[in-house]
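Every number for a ligand or one of its atoms is a count from 1 in the order of the listing.
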Amino acid sequence: MVDTTPSFIKEMPDALKQPVIKLEVKDLGVTYVGRDGTSIEAVRQAELAVLDKPGVGEIVVLLGPSGCGKSTVLKCIAGLIAPTRGEVWVGGVKVEGVGRDRGMVFQQYTSFGWLSVRDNVAYGLKLAGVPPRERKEQVDHYLNLVGLYEYGHLFPKSLSGGMKQRVAIARTLINKPKLLLMDEPFGALDPHTRWEMQTLILDISRQEDNTIVLVTHDVSEAVYVADTCYVLAPRPTRILHRVDVPFFAERNAALKAAPEFRAIEKQLLDMLYGSAQGTAG
Ligand SMILES: Nc1ncnc2c1ncn2[C@@H]1O[C@H](COP(=O)(O)OP(=O)(O)OP(=O)(O)O)[C@@H](O)[C@H]1O
Ligand SMILES: [Mg+2]
């Protein structure tokens, strides 16, 4: 079993450990059983711990090959499926189902087609009974954050793919989830829009105090956005490595061509597909 707990957590007194761990996945295993009784083991062993850094957003990436079980791990964190083995804890509370402390953004655009952009973003607050004036302030803030302030009156069908995904992000963020879970959120976008969206979530993580857990199979995306990257094995997946991505002062298009960026890409590629696969790091 690969122990992926950061060493500074292990060295803390027990009394201090609980409050600082925002997300803990313990000995997770998932086997799907079909109606005909056939079973598919998707997740063999996933174990990870993400610290709460008060006042600072953080991006954790789960990087793994296609079909390895990434979405399955994320759905367990979201509470959309129950694990076969193990547990997920968020902010010291065991996950037993979906909850407002976790928001999910999927690859497919999931905004409500019959509501305007503004009403899509306001939806969660309206359900929660937040008064109109406060709702408007919050909607203005989040439309600004995702660069859609001018487009609030439009309906999703008249937006580009990137804009639709901005609506989904704003609509989720406005509920102030502790964890923003993103499952290959930019997979359907063209390369330039994809890069713009990666830059947007970097901006968001610098402005909002929440933790983003982003699933991808794209190594370049992982290096560009991650503070911490977990490398997953092919199905049935397990966590092979935990990599702290160095702090890059400027994250922009030029960075992707820089030698220090390429070096980490190569390190992750070797872990995914190369000789390092199967060893603990
Ligand atoms: N509801 C389900 N019932 C049965 N098998 C499933 C179910 N969901 C996923 N699987 C299987 O579990 C394995 C892992 O699926 P999962 O969607 O978690 O992988 P993934 O890494 O997210 O894949 P992708 O890169 O294609 O998004 C696959 O073999 C898939 O066929
Ligand atoms: Mg998936």
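Residue G67 places at least one N or O, backbone or side chain, under 3.5 Å from an N or O of ligand 1. For the pair A42 and ligand 1, the shortest N or O to N or O distance does not fall below 3.5 Å.
For R166 against V146, the heavy-atom pair with the smallest separation is NH1-O, 2.8 Å.
The protein non-hydrogen atom at the shortest distance from atom 31 (O) of ligand 1 is I40 CD1, 4.6 Å. With hydrogens left out, the protein atom closest to atom 25 (O) of ligand 1 is K70 NZ, 2.8 Å, a heavy atom. Scanning the protein heavy atoms around atom 8 (N) of ligand 1, the nearest turns out to be Y32 CZ, 3.3 Å. Ranking protein heavy atoms by distance to atom 15 (O) of ligand 1, first place goes to T72 OG1, 3.8 Å. Nearest non-hydrogen protein atom to atom 17 (O) of ligand 1 is S71 CB, 3.7 Å. Here the protein heavy atom with the shortest distance to atom 19 (O) of ligand 1 is G69 N, 3.2 Å.
Residues forming a side chain to side chain contact (heavy atoms under 4.5 Å, CB included) with K126 (at least two apart in sequence, or on another chain): R135. Looking at residues two or more places apart in sequence or on another chain, you find no salt bridge (Lys or Arg N to Asp or Glu O under 4.0 Å) involving D209.
To the nearest 0.5 Å, atom CG of residue N175 and atom CG of residue D101 are 11.0 Å apart. Atom OG1 of residue T38 and atom OH of residue Y32 lie 13.5 Å apart, to the nearest 0.5 angstrom.
The only option from E221, K70, E184 that meets the side chain to side chain donor-acceptor pair (under 3.5 Å) definition with T216 turns out to be E221.
Of all the heavy atoms of K75, none lies under 4.0 Å from any atom of ligand 1, so neither backbone nor side chain is involved.
By the 6.0 Å and 45° rule, R171 does not stack over the aromatic ring of Y142.
A salt bridge is defined here as a Lys NZ or Arg NE, NH1 or NH2 lying under 4.0 Å from an Asp or Glu carboxylate O, and D52 with K178 fails to meet this definition.
Protein-derived N/O/S atoms nearer than 2.8 Å to the Mg ion (ligand 2) total 1, waters excluded.
Legend: side chain to side chain donor-acceptor pair (under 3.5 Å) pairs involving residues 254-264, not counting sequence neighbours, sorted by first then second residue: Q198-K256.
Contact between G64 and ligand 1 is absent, with no heavy atom of the residue lying under 4.0 Å from the ligand.
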